[in-house]
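For reference, the structure is listed below as structure tokens.
Note that the coordinates shown come from a computational prediction; the quantities given were computed from them, not determined experimentally.
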Amino acid sequence: GKTALVHSRLSIIGGAQGRQPMSDSSGRYTLVFNGEIFNYKALASKYQLPPDSDTRLLVELWAKKQHEAIRLLRGQYSFAVHDNSSNTTTLVRDEFGVLPLFVAFPRGEMAFSSSARCLAVLLDSLPFESNDDLSGWLRNRFVPDGRTLWRGVFEFPKGHVITFKHGQEIAKVNTSSTLSPVSGVNNLRGLLVKRSKEIVVADCEVGFLFSGGLDSSIAAKFCSRQL
């Protein structure tokens, strides 16, 4: 079957050089990407890849290393890569699940989107189709267990890489880290300084929108020092 990739992009890094869908230099892999790779410049330098955008870095790095590329990335992301040679599509979501990713299987095919509502249209699905869904949402203000408000639309699991072919799952890898929280706590200030330098990289103006809580205030303080 044929594969269609559609993308609407908020340009933070790369401008016109980051337009998507984007294919690697060989033409084998085509990418749509939501998020930001904080260490893209360091990876571009290390692997001699184009440094003009994190999107370009990601698709070229995937072409070189496929699944092994995931452990090299620092950032927040969900993305899809279509292999034009094997006619497979691989979905990836980082282990924290900051960026949304949903999947559905209309008419035996696999569809994905950053919006559950878009997939519900393909299924002619309405929210709260069962009383259990409605009561659960009213009680908890969220829908647990990877489900959504729409029957047949599922949240893609965070920290996973799943490959599909002809609408069927053919490979699944859990990429969640086994790093102990203690190792991060022992070097918290150093990590905050290092990460704040990476996350303020942008080709547009940088601003802060935060709740005023302890964690967001600390993040804003360290990031403001880099500007």
Side-chain angles (χ1 to χ4, degrees), residues 1-41 43-44 49-67 69-70 72-107 109-123 148 150 153-167 169 175 199 201-205:
K2 296 181 178 180
T3 299
L5 299 175
V6 180
H7 190 271
S8 179
R9 178 172 179 255
L10 175 64
S11 299
I12 303 297
I13 294 175
Q17 290 75 29
R19 287 177 179 168
Q20 303 177 43
M22 180 182 290
S23 296
D24 75 297
S25 55
S26 73
R28 175 173 177 175
Y29 299 100
T30 303
L31 170 84
V32 285
F33 162 51
N34 182 23
E36 185 176 355
I37 306 302
F38 300 145
N39 62 331
Y40 81 98
K41 288 188 175 181
L43 291 175
L49 297 172
D52 52 359
S53 75
D54 53 350
T55 306
R56 171 62 65 190
L57 175 281
L58 183 55
V59 71
E60 297 292 354
L61 189 63
W62 185 272
K64 279 180 172 288
K65 293 186 171 294
Q66 289 80 55
H67 293 66
I70 302 302
L72 302 174
L73 303 177
R74 290 199 302 271
Q76 52 187 27
Y77 52 82
S78 61
F79 62 88
V81 182
H82 183 69
D83 185 334
N84 297 296
S85 177
S86 63
N87 197 28
T88 57
T89 300
T90 299
L91 302 184
V92 181
R93 193 179 184 202
D94 73 61
E95 62 181 310
F96 297 106
V98 176
L99 280 303
L101 183 59
F102 302 94
V103 293
F105 300 90
R107 297 175 294 280
E109 299 294 334
M110 187 275 290
F112 66 92
S113 176
S114 59
S115 168
R117 188 188 300 270
C118 291
L119 297 179
V121 172
L122 298 177
L123 298 168
T148 68
W150 291 269
V153 180
F154 306 95
E155 182 183 18
F156 188 84
K158 57 187 179 182
H160 277 75
V161 179
I162 303 180
T163 300
F164 298 87
K165 186 169 186 176
H166 304 313
E169 179 183 311
T175 60
I199 66 176
V201 174
D203 294 330
C204 59
E205 293 185 357

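- A search for ring pair (Phe, Tyr, Trp, His ring centres under 6.0 Å) contacts involving Y77 returns F79, not counting sequence neighbours.
- Remark: T163 engages T90 in a side chain to side chain donor-acceptor pair (under 3.5 Å) (not counting sequence neighbours).
- Atoms NZ and CG, on K65 and L43 in that order, are 10.0 Å from each other to the nearest 0.5 Å.
- Rounding to the nearest 0.5 angstrom, the gap separating the NE2 atom in H7 from the OG atom in S113 is 10.5 Å.
- Applying the side chain to side chain contact (heavy atoms under 4.5 Å, CB included) rule to L5 yields the partners T3, P21, T30, V32, H82, F112; only residues at least two apart in sequence or on another chain are considered.
- When all heavy atoms of P50 and A44 are compared, the closest pair comes out as O-CB, 4.0 Å.
- The minimum heavy-atom distance between L49 and L57, with the atom names listed, is CD1-CD2, 3.7 Å.
- Shown here are the side chain to side chain donor-acceptor pair (under 3.5 Å) partners of S115, two or more places apart in sequence or in another chain: there are none.
- The closest side-chain heavy-atom distance from I70 to W62 is below 4.5 Å.
- Annotation for S85 and R28: closest pair CB-NE, 3.6 Å, computed over non-hydrogen atoms.
- Counting heavy atoms from C-beta on, the side chains of P157 and R93 never come closer than 4.5 Å.
- Residues satisfying the salt bridge (charged side-chain N to carboxylate O under 4.0 Å, His left out) criterion with D24, sequence neighbours excluded, are absent altogether.
- The distance from the CE atom of M110 to the CG atom of L119 is 10.0 Å, given to the nearest 0.5 Å.
- Using modelled atom types, one side-chain atom of T148 and one backbone atom of V153 make a donor-acceptor pair closer than 3.5 Å.
- Once rounded to the nearest 0.5 Å, the distance linking NZ of K2 with CD of E109 reads 12.5 Å.
- Not counting sequence neighbours, the partners of P100 by the side chain to side chain contact (heavy atoms under 4.5 Å, CB included) test are N34, F102, S114.
- Side chain of E169 to backbone of I162: no donor-acceptor contact under 3.5 angstrom is found.
- Annotation: the span from T55 atom OG1 to Q20 atom CD amounts to 4.5 Å, rounded to 0.5 Å.
- Shortest non-hydrogen contact noted between A111 and L122 is CB-CD1, 3.8 Å.
- Remark: side-chain polar atoms of E95 are not paired, donor with acceptor, to backbone N or O of T175 under 3.5 angstrom.
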Start with the C-alpha distance between N39 and I37, add both sets of side-chain angles, then the distance that settles side chain to side chain contact (heavy atoms under 4.5 Å, CB included), and finish with yes or no. CA-CA 6 Å; N39 62 331; I37 306 302; 3.4 Å; yes
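- Across all their heavy atoms, W150 and A120 have their closest contact at CD1-CB, 3.2 Å.
- Put simply, NZ on K64 and OG on S25 are 8.5 Å apart, with the number rounded to the nearest 0.5 Å.
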Apply side chain to side chain contact (heavy atoms under 4.5 Å, CB included) to L61 and L73, showing your working. CA-CA 10 Å; L61 189 63; L73 303 177; 4.0 Å; yes
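- Distance alone, capped at 3.5 Å, places no donor-acceptor pair between the D83 side chain and the Y29 backbone.
- By the 4.5 Å heavy-atom criterion applied to side chains, N87 and H166 are counted as neighbours.
- The two residues D94 and G75 have their closest heavy-atom pair at OD2-O, 4.2 Å.
- Residue F33 forms a side-chain contact (heavy atoms from CB on, under 4.5 Å) with just one option from V81, L99, D54, V59, and that option is D54.
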